[in-house]
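The structure appears below as structure tokens.
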Amino acid sequence: QVQFVESGGGLVQPGGSLTLSCTASGLFLQYYAIGWFRQAPGQEREKVSCIAATDGSAYHSDSVKGRFTASRDNAKNTVYLQMNSLKPGDTAVYYCAANTMRRRCGDDREYEYDYWGQGTQVTVSS
């Protein structure tokens, strides 16, 4: 059984910071590309980052680049999303997900991701 445990969400003021974490059991995240996604009310799910298995390098979408940093700690089987300079537009449910088809990022598609966390709510509001 594969299980993801997400934590770190909450309410934060604009300009604030949060760190999300996602710890997996039943799957070794070090072997696969890992994505962070978010879904805002009334919006489709959006990929915000992908962490490669090969060297740990991370891709970030233009909407979050320079503000968010995705990383992994293989020893803890955990991935992180450090979010700085948060904006109201960042309000969404955030999900971690594993893509067992790939080790690199770039050409990955959302439907390729096999296992998903249950999501954690991030609300940015004054």
Looking at SG of C96 and OH of Y115, how far apart are the two atoms once the value is rounded to the nearest 0.5 Å?
14.0 Å
If you round to the nearest 0.5 Å, how far is CD of E46 from CD of E110?
10.0 Å
At their closest point, which heavy atom of F4 faces which heavy atom of C22, and how far apart are they?
CD2-SG, 3.4 Å
Where the side chain of T19 meets the backbone of Q82, is there a donor-acceptor pair that is under 3.5 Å apart?
no
Residues passing the ring pair (Phe, Tyr, Trp, His ring centres under 6.0 Å) test with F37, sequence neighbours excluded, are Y113, W116
Taking all atoms of both residues into account, what is the closest heavy-atom pair of V79 and R72, and its distance?
CG1-CB, 3.8 Å
Atom pair CZ/OG1 of R104 and T54 - distance to nearest 0.5 Å:
5.0 Å
So which heavy atom on C50 is nearest to which on D108, and how close?
SG-OD2, 4.1 Å
Counting N and O atoms only, with roles assigned by atom type, does the side chain of H60 sit under 3.5 Å from a partner on the main chain of A70, one being a donor and the other an acceptor?
yes
Partner residues of D114 under the side-chain hydrogen bond (donor to acceptor under 3.5 Å, both in side chains) criterion, sequence neighbours left out:
T100
Hey, what do you get for CD1 (I51) to OH (Y80), rounding to the nearest 0.5 Å?
10.5 Å
Transitive ILVMFWY side-chain link L27 to Y95, under 4.5 Å
no
Please tell me if the side chains of T91 and Q121 come closer than 4.5 Å, counting only heavy atoms from C-beta onward.
yes
Can you measure from OG1 (T123) to CD (Q13) and round to the nearest 0.5 angstrom?
13.0 Å
Same cluster or not: are L29 and M101 linked, directly or through other Ile, Leu, Val, Met, Phe, Trp or Tyr residues, by side-chain heavy atoms under 4.5 angstrom apart?
no
Hey, are T78 and T23 close enough side-chain-wise for a donor-acceptor pair under 3.5 Å?
yes
Modelled atom types, side-chain donor and acceptor of S61 and S63, under 3.5 Å:
yes
I'd like to know whether CD of Q118 has more than 12 heavy-atom contacts from other residues, nucleotides or ligands below 6.0 angstrom.
no
Counting distance only, does the side-chain N/O of D90 pair as donor-acceptor with the main-chain N or O of P88 below 3.5 Å?
no
To the nearest 0.5 Å, atom CZ of R38 lies from atom CZ of R45 at 13.5 Å
Heavy atoms only: give me the nearest D55-A52 pair and the separation to one decimal.
OD1-CB, 4.0 Å
For V12 and S17: C-alpha separation, side-chain torsions, deciding distance, then whether side chain to side chain contact (heavy atoms under 4.5 Å, CB included) applies.
CA-CA 7 Å; V12 64; S17 298; over 6 Å; no
Could you work out, with side-chain hydrogen bond (donor to acceptor under 3.5 Å, both in side chains) as the rule, every residue matching D62, not counting sequence neighbours?
none
Do other residues, nucleotides or ligands put more than 12 heavy atoms under 6.0 Å from the CZ atom of R67?
yes
Taking V48 as the starting point, is it possible to reach M83 by hopping between hydrophobic residues whose side chains are less than 4.5 Å apart?
yes
Is the backbone of S25 close enough, under 3.5 Å, to the side chain of Q3 for a donor and an acceptor to pair up by distance?
no
Which atom of G9 lies closest to which atom of V122, heavy atoms considered
CA-CG2, 4.2 Å
Pair N74, Y31 - check side chain to side chain contact (heavy atoms under 4.5 Å, CB included), show working.
CA-CA 9 Å; N74 290 332; Y31 298 122; over 6 Å; no
Let me check something: do L20 and V93 share a hydrophobic cluster, defined by ILVMFWY side-chain heavy atoms less than 4.5 Å apart, either directly or through other members?
no
Would you say the side-chain atoms of R102 pair up with the backbone N or O of A33, donor to acceptor, closer than 3.5 Å?
no
Heavy atoms only: give me the nearest N77-A24 pair and the separation to one decimal.
ND2-O, 2.8 Å
Do Y94 and V64 share a hydrophobic cluster (ILVMFWY, side-chain heavy atoms under 4.5 Å, transitive)?
yes
